[in-house]
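Reviewing the structure listed below.
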Amino acid sequence: QVQLVESGGGLVQAGGSLRLSCVVSGNNFGVNDYAWYRQAPGKQREWVAGISWSGRTNYDDSVKGRFTISRDNAKKMVYLQMNSLKPEDTAVYYCRLSVTSYWGQGTQVTVSS
């Protein structure tokens with residue numbers, strides 16, 4: 001059974017930083033792609049960033065230059081480093097095994113102005 005568990009969310013002031021972590025179990029971690037999504041109150045869930053099995057990354061324009069996605073295959077972890085946070089980044093952030101129905105439970109990120 002594939003499981004993804006996020007952590008690292010919290011309350012931060014605008015301009016601050018947070019690092020989200022996602023531990024993955026139950027699959028062959030190193031051969032899969034992963035992604036981070038977010039869902040703000042009253043809005044649809046949206047894709048934020050993705051990382052391929054080879055380490056290639058891509059980002060939504062709204063976070064490009066501020067967020068960095070990375071992975072540690074030995075630890076079976078996916079990370080999202082978030083810098084220069086803005087109030088509009090406030091959302092529940094989800095880790096996903098790409099192109100599947102496997103999602104984490106989410107972690108709340110709140111950015112105060």
Side-chain angles (χ1 to χ4, degrees):
Q1 179 75 7
V2 178
Q3 287 190 315
L4 301 95
V5 180
E6 304 96 335
S7 61
L11 173 64
V12 63
Q13 288 189 331
S17 298
L18 282 174
R19 188 176 84 151
L20 305 184
S21 300
C22 174
V23 59
V24 185
S25 61
N27 72 329
N28 190 349
F29 182 90
V31 302
N32 291 126
D33 301 349
Y34 299 90
W36 286 96
Y37 288 71
R38 66 186 179 187
Q39 187 167 18
K43 295 188 177 181
Q44 288 192 329
R45 192 172 298 188
E46 63 178 8
W47 174 82
V48 174
I51 187 165
S52 74
W53 65 271
S54 64
R56 187 184 69 235
T57 60
N58 49 85
Y59 301 91
D60 183 79
D61 286 346
S62 65
V63 306
K64 201 171 293 183
R66 300 188 298 123
F67 291 10
T68 303
I69 188 172
S70 61
R71 62 191 292 161
D72 185 328
N73 290 344
K75 295 181 179 179
K76 299 186 179 182
M77 298 285 291
V78 184
Y79 303 100
L80 186 68
Q81 177 67 44
M82 307 186 295
N83 299 328
S84 302
L85 283 161
K86 305 175 181 180
E88 51 264 44
D89 295 318
T90 295
V92 177
Y93 284 72
Y94 299 90
C95 181
R96 182 190 183 191
L97 175 56
S98 291
V99 200
T100 74
S101 60
Y102 294 111
W103 297 79
Q105 82 289 351
T107 185
Q108 176 70 48
V109 171
T110 303
V111 184
S112 63
S113 57

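Taking hydrophobic clusters as Ile, Leu, Val, Met, Phe, Trp and Tyr residues chained together by side-chain heavy-atom distances below 4.5 Å, Tyr79 does not share a cluster with Tyr93. Trp103 and Val48 are not part of a single hydrophobic cluster, where members link through side-chain heavy atoms under 4.5 Å apart. Side-chain heavy atoms closer than 4.5 Å link hydrophobic residues (I, L, V, M, F, W, Y) into clusters, and following such links, even through other members, never connects Trp47 to Leu20. By the criterion of side-chain heavy atoms lying less than 4.5 angstrom apart, applied directly or through intervening Ile, Leu, Val, Met, Phe, Trp or Tyr residues, Leu97 is grouped together with Trp36 in one hydrophobic cluster. Under a hydrophobic clustering in which Ile, Leu, Val, Met, Phe, Trp and Tyr are joined whenever their side-chain heavy atoms come within less than 4.5 Å, directly or via other members, Val24 and Met77 fall into different clusters.
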Return a table of donor-acceptor pairs under 3.5 angstrom between the side chains of residues 1-12 and protein atoms on other chains or two or more places apart.
| from | atom 1 | to | atom 2 | distance (Å) |
| --- | --- | --- | --- | --- |
| Glu6 | OE1 | Gln105 | N | 3.0 |
| Glu6 | OE1 | Gly106 | N | 2.9 |
| Glu6 | OE2 | Cys95 | N | 2.7 |
| Glu6 | OE2 | Gly106 | N | 3.4 |

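Two residues are said to be in side-chain contact when any heavy atoms from C-beta on lie closer than 4.5 Å; Phe67 and Leu85 meet this criterion. You'll find the side chain of Thr90 reaches within 4.5 Å of the side chain of Val111, heavy atoms only. Annotation: side chain of Ser17 is in contact with side chain of Gln81 (closest heavy-atom distance under 4.5 Å). Looking at Val63 and Arg38, their side chains come closer than 4.5 Å, going by heavy atoms from C-beta outward. Using a 4.5 Å cut-off on side-chain heavy atoms (C-beta onward), Val78 and Phe29 make contact.
Here the straight-line distance linking atom CD1 of Ile51 with atom OG of Ser70 works out to 6.0 Å at 0.5 Å rounding. If you take CH2 on Trp53 and OG on Ser98, they are separated by 14.5 Å, rounding to the nearest 0.5 Å.
Using a 4.0 Å cut-off between charged nitrogen and carboxylate oxygen, Asp89 and Lys86 do not count as a salt-bridge pair.
For the 3.5 Å distance criterion, the side chains of Asn58 and Arg56 fail to qualify, holding no donor opposite an acceptor. Using a 3.5 Å distance cut-off with no hydrogens or angles, the side chains of Ser52 and Asp33 do not pair a donor with an acceptor.
A side chain to side chain contact (heavy atoms under 4.5 Å, CB included) with Leu80 is found for one member of Ile69, Val109, Thr107 and no other, namely Ile69.
Here the closest non-hydrogen pair linking Ser113 and Ala14 is CA-CB, 4.4 Å.
A cation-pi arrangement is absent between Arg71 and Tyr34, since the terminal nitrogen or guanidinium carbon is not both under 6.0 Å from the aromatic centre and inside a 45° cone about the axis.
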